[in-house]
Amino acid sequence: MVSVALPALLISRVLTVNPDNPLAQLKDIHLPEAISWWPLALGWWVVGFIVIAGTYFAVQFSFGHYINQRYRRQGLSALNNLPNIDQQQRLIALFSLLKQVANSAYPQQNFASLNHKEFIEFLQSSSTKPIFKDLSANWEQLMYAQQPSVTSDLVDQLVTESRTWIKHHLVIEKLEYKRC
């Protein structure tokens with residue numbers, strides 16, 4: 001009887017530690033430590049590198065494009081500031097400006113040395129849009145005639161078409177103009 005009474009006594013003692021609140025015997029659950037954001041996993045390093053490299057190349061491309069297109073912005077600015085006094089002088093200044101822009105756009109080809117007719121053909125062939133189609137046959141004489149009859153409408157039309165050429169001429173890699 002003693003041997004049977006001893007385990008029963010131990011069980012009763014264990015179960016009767018706090019007879020009012022049996023949950024008091026339970027221990028609290030210990031949560032693990034919070035996961036730290038540092039050090040980053042390998043995937044985040046790869047994503048960070050791709051973002052930094054992509055940003056670098058996008059800035060390089062944008063800055064290079066901005067610098068390469070500076071002559072267009074300067075040409076358009078000079079076109080807006082053409083003198084508006086004598087139409088013949090305005091026409092001469094317009095073609096001088098177009099030759100300067102052509103020299104800046106195509107520095108190795110020296111298209112500014114072409115005569116006026118060949119230069120107009122070059123402008124037409126190097127533009128992505130149709131320009132200078134409505135020129136009269138004697139427009140070259142208007143530039144240097146003693147008694148010029150240059151109308152402001154003709155010069156305004158040429159200025160508009162020149163603006164179109166400056167904005168939309170082909171880059172040197174796509175140029176297919178062959179000198180005669």
Side-chain angles (χ1 to χ4, degrees), residues 30-85 87-136 139-140 142-143 150 152-180:
H30 296 287
L31 297 175
E33 290 184 28
I35 298 174
S36 173
W37 62 273
W38 193 261
L40 296 176
L42 178 64
W44 287 112
W45 284 104
V46 171
V47 168
F49 176 76
I50 290 172
V51 167
I52 289 172
T55 303
Y56 173 77
F57 287 116
V59 167
Q60 284 292 95
F61 177 77
S62 298
F63 185 70
H65 183 71
Y66 180 79
I67 293 297
N68 290 339
Q69 300 302 315
R70 180 179 12 176
Y71 74 93
R72 288 185 198 247
R73 292 188 304 276
Q74 290 174 346
L76 290 171
S77 174
L79 189 63
N80 291 334
N81 297 329
L82 275 180
N84 200 8
I85 43 173
Q87 297 304 322
Q88 186 178 21
Q89 293 299 322
R90 192 172 172 211
L91 186 62
I92 292 170
L94 175 65
F95 277 97
S96 175
L97 174 65
L98 285 173
K99 287 187 177 199
Q100 289 174 358
V101 173
N103 276 342
S104 296
Y106 311 108
Q108 302 297 324
Q109 280 73 22
N110 197 18
F111 289 119
S113 66
L114 297 172
N115 65 34
H116 291 299
K117 184 178 179 183
E118 290 173 342
F119 186 67
I120 290 294
E121 289 173 2
F122 157 71
L123 293 176
Q124 290 172 339
S125 68
S126 64
S127 178
T128 57
K129 299 190 177 194
I131 57 172
F132 303 119
K133 296 290 184 191
D134 300 329
L135 285 176
S136 62
W139 70 269
E140 291 176 297
L142 297 176
M143 292 179 71
V150 180
S152 63
D153 292 338
L154 173 66
V155 177
D156 289 341
Q157 176 191 358
L158 292 175
V159 167
T160 303
E161 291 180 354
S162 298
R163 183 173 288 113
T164 301
W165 182 81
I166 291 172
K167 287 181 181 178
H168 302 288
H169 67 268
L170 296 171
V171 293
I172 194 162
E173 292 83 19
K174 295 182 180 179
L175 185 67
E176 296 178 3
Y177 179 76
K178 304 289 185 216
R179 283 189 177 182
C180 296

If you measure from CZ on Phe122 to CZ on Phe111, what distance do you get to the nearest 0.5 Å? 4.5 Å
Sequence neighbours left out, what passes side chain to side chain donor-acceptor pair (under 3.5 Å) with Gln124? Give chain and number order. none
Could you state the interatomic distance from OG (Ser125) to CD1 (Ile120), rounded to the nearest 0.5 Å? 11.0 Å
Measuring from atom NE2 of His116 to atom CG of Leu114, what distance do you get when rounded to the nearest 0.5 angstrom? 11.0 Å
I need the full list of salt bridge (Lys or Arg N to Asp or Glu O under 4.0 Å) pairs touching residues 90-103, with sequence neighbours left out, sorted by first then second residue. Arg90-Asp156
Residues Val159 and Leu94: closest non-hydrogen pair is N-CD2, 4.0 Å
With sequence neighbours excluded, residues passing side chain to side chain donor-acceptor pair (under 3.5 Å) with Gln157: Glu161
Nearest 0.5 angstrom please: Leu158 CG to Leu98 CG, how far? 9.0 Å
Mark yes or no for whether Ser127, through its side chain, and Leu123, through its backbone, hold a donor-acceptor pair below 3.5 Å. no
Close side-chain approach of Phe132 and Ser162, heavy atoms under 4.5 Å: yes
Distance from Gln109 atom CD to Ile172 atom CD1, nearest 0.5 Å? 4.0 Å
The side chain to side chain donor-acceptor pair (under 3.5 Å) partners of Asn115 (sequence neighbours excluded) come to none
Please tabulate, for side-chain N and O atoms in residues 43-63, each donor-acceptor pair with protein atoms closer than 3.5 Å (sequence neighbours left out).
unit_1	atom_1	unit_2	atom_2	d
Trp45	NE1	Leu40	O	3.4
Thr55	OG1	Val51	O	2.8
Ser62	OG	Ala58	O	2.9

Mind listing the side-chain donor-acceptor pairs of residues 71-79 below 3.5 Å, one per line with the distance, residues two or more places apart or on another chain?
unit_1	atom_1	unit_2	atom_2	d
Tyr71	OH	His169	NE2	2.7
Arg72	NE	Gln69	OE1	2.5
Arg72	NH1	Ile166	O	2.9
Arg72	NH1	Lys167	O	2.8
Arg72	NH2	His169	O	3.2
Arg73	NH1	Tyr66	O	3.0
Arg73	NH2	Tyr66	O	3.1

